[in-house]
Each structure stands twice: as C-alpha cells, then as structure tokens.
Amino acid sequence: MADDITDIYKKWQEKWTKDKIFEPAPDNRKKFFCNFPYPYINAYQHIGHLFTLMRVEAFARYKRLKGFNVLFPQGWHATGSPIVQAAKRVKDREPKQMKIMTDMGFTDKDISKFEDPLYWIEFFAPEFRSDYQSIGMSVDWRREFHTTSINPHYDKFIRWQFGKLHEKGYVIKGKLPVVWDPKENMPVGDHDRIKGEGETPQEMMLVKHKLNDGKYLVSATLRPDTILGITNLYVHPKFDYQEIEIDKERWIIGEYGVKRLVEQDRELKVISTVNGADLIGQKTEEYDGHSVLVLPATFLDPKVGTGLVHSVPSDSADDLIALWDLQKDEAHMKKYGLDIEEVRAIKPIAILDTPGFGQIAAETILKKYNVKTQNERGKLDQIRKELYKASHYTATFNEKYKDRFGIDLHGKKVEDGKDIIKRELVKSGWADSFFQLTGEIVSRSLTECIVKIVSDQWFIDYGNPEWKRDAHKCLDKMKMFPEKARQQFDYVIDWLHEWACTREAGLGTLLPWDEKWLIESLSDSTIYMAYYTISHIIKEIPIGQVDDALFDYIFMKKDVEVKCDKTLADQMRKEFGYWYPVDFRNSGKDLIQNHLSFFIFNHTAIFPEDKWPVGIGVNGWVMVDGQKMSKSLGNMIPVRKVVKEFGPDACRLTILNGGEGMDDPNWETSMVSSLPQKFSQLLSFVKEQYGKGRDEESSIDGWFESVLNRCIRDATKCMEDTMFRSAIKLIFFDLGRMTKQYINRSDGMPNKDIMEKAIEAQLVMLSPFAPHICEEAWESIGKKSYISLAKWPEYDEQKIDDSAEAVQDLVQTVRSDIRAVLSLAKIERPDKITLFIPSSWKYGFVELIKEKMKETRNPGDIIKTVMATDMKKQGQTVMKTIPKLVNDPSKIPAVVLDQEREICALMDAKQSLEKEFLSILNIIKEEESNEQKAKQAMPGKPAILLS
RNA sequence: GCGGGGGUGGCAGAGUGGUCAAAUGCGCAAGGUUGAGGGCCUUGUCCCUUAGUGGGUACGCGUGUUCAAAUCACGUCCCCCGCACCA
C-alpha cells in the first residue's frame, strides 16, 4: 500500500497501463463506444476541456462497471490555420505571441522551435496525452492519432470520405465572398486582424436610377424593399463620380464603388469623371416609373456604398431630416439652381405600416426624439438602429406593393418580402449587388482588407432537402443528454446550408479531385470516429497498400480486392462492425451549430442507417469560482497545474460536481482544496470499518438497507442520464454521511454484511469519479481485481421502505434528545424516563419507542408515556401527508409519521436547553413528577421527565 | 430580430398544480465534539409574534385560469448561448 496519497495516483495509473485494462477488443459482450471531439493542440489544455472530457470518462467508466465492453479512444486535431499562423507569428517574434509562449513556460531557446508548424504537433500531442494520463483517463492509447497529411493513413481516410461525399453529389462548387488581404493575397480570419474583429462581408444592393441620357446613377442600399418610397437622390456636390461602362450600360458611381466592383471581379471600363455638382437638379426615372430629383447632400461618406444614395424619407430618419434641412435652406437651394417650390413639394411617400410608428415611421421617431437638424448625430445613430429593427422585422407592406413585384405583398412582413423584391429587381435589371465590409478591417500585415469573391470555392451542400430529412431521421432516433438540447439541433439542421469546406492555406488534407484546395478543419472531423475503430491496426499497414478500396472493404462491406494483408483487413472490418455506431459523443453546447450537426449529417450521408450515431451529450461552459473563464480575466486554469496541486481524483470530482445539464458548471476552488483530506479520511474509514461488526440482525439494519438501496437506485438513474453532479452528491456525500450515521445509530456495532455491502457499493459507484482512491481502498479491503472492472451494485426495490426510514429518523431524534437531557441534568442512569407527548401521537408510537429504545440500549429502564393535550388542526395535514409517504397507510403507525414536525419542536427545546429546558426540568423536579403540573407547564409540547 | 436556454432565499441550485417559507450545498450564527489542521456532529438562518403558536409577505413584473399556482395561460421586462466558414 502506498504511504502517501500522492503516490497512489501514479501507482494505479501504472498498473492500469501494465495490465492493459482499457484496451478493449471485440467480444461477445454488449459494446459501448464513446468519445470526445479531438482537441485542437495549439496550447496546453485548461479545465474547460476537462469538464467535457470528464463527462465522457465518467460515463465510460460507469458503462464498464455495468458490464459493457467500452471503447474510449482519443486523437488530436491540427487541421486548419491557427497553428500555421501562430508559427508564423513566432517567426516574426510578434510581442503578443511571444507573451503567449512565455506564459506557457517556454524559454527563448524552446520558442524558436515553434517557428515550424509541425513542431507544434510534435510537441503538444504528447503533452496532451500525458495530461490525460495524469488524470487517469481510461483511454485506449493504442488508437491515438493526429490529423493532417503528416499522418498519411488518416489523410487517406479523409480523402476517401470526401470521395464518397463527392460521389453522392454532396460537394458542390460555388462563389463565396471572403475578407481578403490584398497585400498578402490571403483570406483573413477573425483572429488575424489588428482591427475589425467580427466584421464580415455584407451584400449591398445597387439600385439604378435612369437619367435622361440613358445613363444610370447607382445608389447602394441594404433596404431594396423600400424602393417604392424613393423621393429623390442625394449626391455630394464636392465629390467626383466616375462614369463606367459595365454590362453594356453606363453607370455613374463613386470611385470606391468602382474599386469594389473591380475587386469583386466585375468587368468594367472607366469612361470619364463626373462632378457631383453637375448632377444636382437632374431628374431620374425610377423602377416604378416615377421621376425624382437629384439633390445635394454633404452627409455622404465617399467610402460607403457608391458615394451617392437614394432617399426614402418615409422610413429613414436620416433621409427625412436631410430633406427638411434642405427645404428650409433657400440659399443652399439657390446655389445649385434648384427650383425651390419643387424641392419644397417633396413629401415622404407612405410605403410601410410599422407597428407603433404608423405610415411615416421616420417622422414619428424624429418627433419622439425631438431631433431638429441632421447634425444631431448621436440621436440619429440611435434612431437608425431602433427604426431599422422595427421596420425590418415588424413592418408590413402597404397597398403599393399589391402587384408591383409579381406577387401580392400587401400586408406581408418586410422580413418575408425583402428577398422576393430583391430577386425581382435584379431580374428586371433595375438592381445589381456588390459586397461591402460591415466595418474597417486591418490585417496583421497592416493592410486594409477588401472583399474578394472566390469563384471556385467548394461547398458541402447541407442545404440538400433529402439530406436534411435523413439528418432529422437520425436525430429523432438519438438519445440526447440532456433532452432539451434536441430542439436546438432540430433548428440547426433546418438552417444549415452550403458550408465552404475548402481553404487555400493551413494544415490538413488536400481535396482529392482538386488539389489546389485544402479540406477545412470542421469538415475533416465529422466521421473520423470510425477511424478510431481501426487506427491501431491500419497504422501497421504500409501506406502504399492503403487506398479507397480498403476503406470500402472495411466500412462499406464491399467485397473488393484489397492490397494489404487480408487478415488485417478482415480484422478492421470486424472492429468497425463491432464498435460502430457511436453511442455517446459529448461536447460543449457551442458545437451544436456546427460540428455536432455536421457529425450527424455526414454519418447519414456515408454510412448505412445502423451505423448512424445514437447518442449526443452537450454541456455548458466552465466557470471559475462563479466567474467566466477567460484569458482577459487571467483565470484560465491549466489542467496540469491543478492535477499537480490537488491530485487527479480531486480535480475529477470537483469539475463534475460543478454542474450538469446545459448549465455552466462552476469550478470551486474551495471544493478541490478540501477533497484530498476527505479522500484520506475515506481511505482510513474504509480500512477501519470494513469487515467489522456483528453478525446478528437488528431492526436498525432495515433502515440502513433502505437508505442504501435507495441511494443505489437513484444514483444509477443519475448515471444513466449523465447527471453526474447529482450522482456525486448521492454517492459521495449523502451515502458517506448515512453510513456514519448507521454506525452511530447502531452504537458502533453495525451489521457486518450490510456494512461491507455499503462500503463496496460506495467505492464502486465512486470509482468513475475517483478511480485511484477507490482502487486503493478496494485493494485495502482485500479485493484482488481492479475496481475499474468491478460490477456496479444492484439494488432491491423491496428493501426501500419510506416509512421505516421516517420512523427511524424520528426515533433517533427522540433518543438523542433524551441523552442530551440526561447529560444536562448530569444523571447517568435514571430509574424512570417519562415522555410527555401530544395525544395524537398515540397510534403505535409508544410501543414503537419502547421497542426501539430497548434495542438501542437506551439509558433508562422504564419508559412511561403520558398523553398531553390534544393537538389542534392535526387531521388535515396528516391526511395529506400519509399518502405521499407510503403506499399503504394501514401498514404503518400513521400519525407518528406526521409528527416529525412535533419532534422538531422538541428539538427546539433542546436547542434552548440552558435558557428554557432547565427551567422546565426544575418545575418537574420540584413537583416530584407531578404530571398535572408538567402538563400545565407545557401543554401539547413533548417533554422528558426523569426520576 | 430569429432559434435555444434561463430568471427561486446572502450565494449556488432543487422543485413544474395541493404534503412549499420552499430539498441540498456554501455562507453566516449558536452549541457540542476531537488537545493536531479551514475536521466532524447538532441546531438556527424571509418579516412580525408566541411557552407551544399564530400571522404577514415571497419564487423577475403584470393579468388571468383554478377551491388551490414557484408550478398552467397570456402579456411584459431582463440575462446567457448561437446566428457560421472560426477551431
């Protein structure tokens, strides 16, 4: 036996490894295949990973105890760009990255090695593995692997997968707007930006306005649906616009607009430059045929859109206030030679009904905020947001939209009609579109980013309706942990559409039929769990012999020629056939909308129905002592740190005790730090108590057997539902407390068999959470085999007896009160004890007390009871209480059960012993067991009389 | 805005029509216990009142359904997660 608790961990980890107890092979038992998404290995893991991981680990160990043949493998993910980019940043000695490296504890000499992306994998994969091992994960390490082309076997597998998807027509080609660094000629992800995190490309509609000479003024808008409300255009008198030839048309558009069109691969030719001032006063023809005036405006930003806008004063507060300002400013109008009356005649055109804002929403809201001029930018910015929300999501089209767009939109919501209008405008040639960034983005190369349209991008077509149907079918049959995650999946499956599955840079696998592309990281990790079933075998096969045929042979049961050893191929086919499908895959709730849904989709696409996944677990995000864990708060806790400080079992128990379901679990420092000591106590308790006690039976045993069986029953239910926190409470805390109570209640002489059963049950049930300690305790009570391979305890429903538990608790309470009184009165062995109790207790209570007291060696020899006054208002409560407590009320001394509350009253008396009870005792003593007097002193209240 | 999950005592967190002033844990208070440690065991902990007791207010807010609501319905406010090409 290990001397120190810290030695225990290593001892058992080594034994497990030596005896290969977590390296399963197919046999005739039922199997259970669970896994945890392979982590991305660009830094040491923190306790956030640990929670998700531990849910799988605890479940795996539980299922093993339940007699399943359990497979729990683990691999590592390196696909994608973060490692490559981090390596590059290390090479550039970028300060932020250097801090990350030194924070992880690397010296300057170490750091230079990280300039090579492959070194990251080489370094971190073993580090992750050693962290996993140090915390006692029951993983089959033979099957470990990492992703990307540097693992050629896995690479082949991913190529095979994509070949399959391609074959079935689930991979399609299309266009994609991406954020682009024009200097580096690379796409720019969110984390590669100095400025503009979260900004994305946004499609803007280009609306054409026909001038008399047939040329078009082109404005940009996010609200093409309000086109019927256009009253005028605004151009900036000081800007130069460009006239371009595009698609055989002539457009007049700002220079930034031209630039964008060029960047986005539009063919065009610049013809000439047009001064804004020259456009003012001209008229244009609109989509619906009406004619509007071009007006001057100075609020325009040349960088936004096309540098000129159309004005919809009915529903844009900015447009309306600008119009009002201009209408008031005669000098300004004159300056540009405008007809004052004509300008003043411009009125907003009602087009939408906005609940709460009426027909001319812009006017309503300007009045509400009391905006007087267009210079009140703060208010106007706020208004824009508020009005956009209301207008876009709640407004409906008015009668003008009745048959304008080929379909009656009158009364329809803007939200629903917007796309229809957009399509119609494009179709009729009155609108076009381009992309614009939602905000300025500056890349790490200090270049301002642009939108680039990638035209030969590959997509996985999650929008395919038949595929969606299969995904739903799979979901419907799956078990969810917890069940309430299901609704989110349902929504996501419907909502997913084409997913860009290839990248130009990073680590990974090349797209088999178009090798300029790399398969993106979320797409190469959807069915790889199948690879776990064979990874330990396939790695022995020369890479030249691994081809699509082999995978078809293994996974599709196709009887094709394989290049490799047939025995090995058959063995892999057997492994896959045995272990698949995935029984439980667990992950954070943020992965529902991508990875976990892809997991479902891809399985239904590639595998036959009996291999579709059957269980998914989802959990929340780890908090640290009530606070969100984040880099900025500096409370990211590395796994290795806490494991070293508190030992693996304390960490395992603490993290799972933090929470369950979809709630965010909370890591409590106070809990983890108190556990090592509790473990020591548990160890010595088990050693001390096991195998001791009496052989004969006693009635107190029934109580404890009831407690024990109930605990096993409830804990089993919790484990089945991965409600690990509740399980820990029952197994570790409640059962531990009750076992000690049993020893007390049997005066240190518990029944030997029952005690042994209880100790064994507790250890086995606790072992998924604290396996090292439990193995040690198991060994200390003389068990020869591993507790990790023991049998989960059975429970006997017959032995669970609510009434027995209630009665026992009551009796024990009375007994301890008597003791307290005796000790207070400093009497060791009274001749007589008199209990004064409410008369409503009489049904069987007295006999019961007598009997129990005898058994438990009560300090008095004689117990006499006296009925005190009737208790009022008992009946009603009692009648309600009984049915809940027992199924057969006739079986038990009914009223007694209800008296727990009254016993509590007695306990109260004990609480205020010094103040109150002493005086009562005095009364009783003085009166020399004058029962009458005692009754008067405390009518209805139980009292204890000694003599 | 959309989809999902929530709002309960000092905190965390049960409870989904009556047994609810509300499990359990932490915190806090009192007492006990062990001459070892932030250990263990009792008891108390919404407000007022009592010898026992009784009464009041409460489960985001409002309204309703019901003999009865933390629990059901409607409305409303607030918080968290996601809304993608990022692993």
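A, B, ... follow the sequence lines: proteins, then strands. Residue 1 opens every chain. Note that the structure is a prediction, hence the values are computed from the model and not measured.
Using a 4.0 Å heavy-atom criterion, one finds that R486(A) contacts no nucleic acid atom at all. If you check every strand for non-hydrogen atoms under 4.0 Å, W621(A) touches nothing. In this structure, K484(A) reaches the sugar-phosphate backbone alone: every heavy-atom distance under 4.0 Å involves primed, P, OP1 or OP2 atoms, never a base. Base engagement by L522(A) is indicated by at least one non-hydrogen atom pair under 4.0 Å involving a base atom. Using a 4.0 Å heavy-atom criterion, one finds that D490(A) contacts no nucleic acid atom at all. When heavy atoms are screened at a 4.0 angstrom cut-off, S670(A) is found touching no nucleic acid atom at all.
For the pair D664(A) CG and C11(B) P, the interatomic distance rounds to 18 Å; values are reported in whole Å. Distance, M662(A) CE to C80(B) P: 17 Å, rounded to whole Å. Rounded to an integer number of Å, the gap from R503(A) CZ to C86(B) P is 5 Å. Rounded to whole Å, the distance from OH on Y462(A) to P on C83(B) is 16 Å. In this entry the distance linking CG of L656(A) with P of G25(B) reads 20 Å, nearest Å. As a whole-Å value, the separation of D714(A) CG from A14(B) C1' is 14 Å. What separates NZ of K589(A) from P of C80(B) is a distance of 12 Å, to the nearest Å. As rounded to whole Å, 14 Å separates atom C1' of G13(B) from atom CZ of F733(A).
Under the Watson-Crick or G-U wobble criterion, with both distances below 3.5 Å, A87(B) is left unpaired in every strand shown. Remark: U45(B) base-pairs with G27(B). Criterion, Watson-Crick or G-U wobble with two distances under 3.5 Å. Look at C72(B): its Watson-Crick or wobble partner, with both distances under 3.5 angstrom, is G64(B). With both pairing distances under 3.5 Å, G82(B) is matched to C2(B) as a Watson-Crick or G-U wobble pair. Partner assigned to A51(B) is none, using Watson-Crick or G-U wobble distances below 3.5 angstrom.
In this structure, K729(A) does not reach the G13(B) phosphate: none of its side-chain N or O atoms is under 4.0 Å from OP1 or OP2. At least one side-chain nitrogen or oxygen of S81(A) sits closer than 4.0 Å to the OP1 or OP2 atom of A87(B). Look at R737(A) and you'll find a side-chain N or O under 4.0 angstrom from OP1 or OP2 of G25(B).
Look at the P atom in both U34(B) and G25(B): the space between them is 24 Å, to the nearest Å. Here, C28(B) and C79(B) have their P atoms 32 Å apart, quoted to the whole Å. A23(B) and C67(B): their C1' atoms are spaced 28 Å apart (whole Å). For the C1' atoms, the distance from U63(B) to G56(B) is 23 Å, rounded to whole Å. Spacing of C1' atoms, A69(B) relative to G62(B), comes out at 15 Å, to the nearest Å. U57(B) and C48(B) have their C1' atoms separated by 11 Å, with the value rounded to a whole Å. The gap from the C1' atom of G15(B) to that of G1(B) amounts to 34 Å, rounded to the nearest Å. Only the C1' atoms considered, U65(B) is 44 Å distant from A29(B), to the nearest whole Å.
For D663(A), the side-chain atoms get nearest to G13(B) when compared with the rest of A87(B), G25(B), G13(B). Among G5(B), C86(B), G3(B), the nucleotide with an atom closest to any side-chain atom of Y491(A) is G3(B). Distance from the side chain of W495(A) is smallest to C83(B) among C85(B), C83(B), C41(B). Each of C86(B), G39(B), C85(B) was ranked by its minimum atom distance to the side chain of Q677(A); first place goes to G39(B). Ranking G13(B), U24(B), G4(B) by closeness to the R725(A) side chain, first place goes to G13(B). Distances were taken from every side-chain heavy atom of Q593(A) (C-beta onward) to each of C86(B), C40(B), G82(B); the shortest belongs to G82(B).
Taking the six-membered ring where the residue is Trp, Y154(A) and Y528(A) present perpendicular rings, their angle passing 60° and hence far from 30°. Using a 30° and 60° split on the angle between ring planes, F598(A) and Y462(A) fall in the parallel class, below 30°. Under the 30°/60° scheme for interplanar angles, the aromatic rings of H46(A) and H49(A) are found to be tilted.
Residues G658(A) and Q681(A) both approach RNA chain B. Their nearest nucleotides, taken by heavy-atom distance, put G658(A) toward the 5′ side. Between E660(A) and L176(A), the one whose closest nucleotide on RNA chain B sits nearer the 5' end is E660(A).
Residues S391(A) and R223(A) bring a donor and an acceptor atom of their side chains to less than 3.5 Å of each other. A side-chain donor from one of D524(A) and T79(A) sits under 3.5 Å from a side-chain acceptor of the other. Using modelled atom types and a 3.5 Å distance limit, the side chains of E660(A) and T722(A) yield no donor-acceptor pair.
Around NZ of K468(A), the count of heavy atoms belonging to other residues, nucleotides or ligands within 6.0 Å exceeds 12.
Between D714(A) and K717(A) there is no salt bridge, since no side-chain N of the basic residue sits under 4.0 Å from a carboxylate O of the acidic one.
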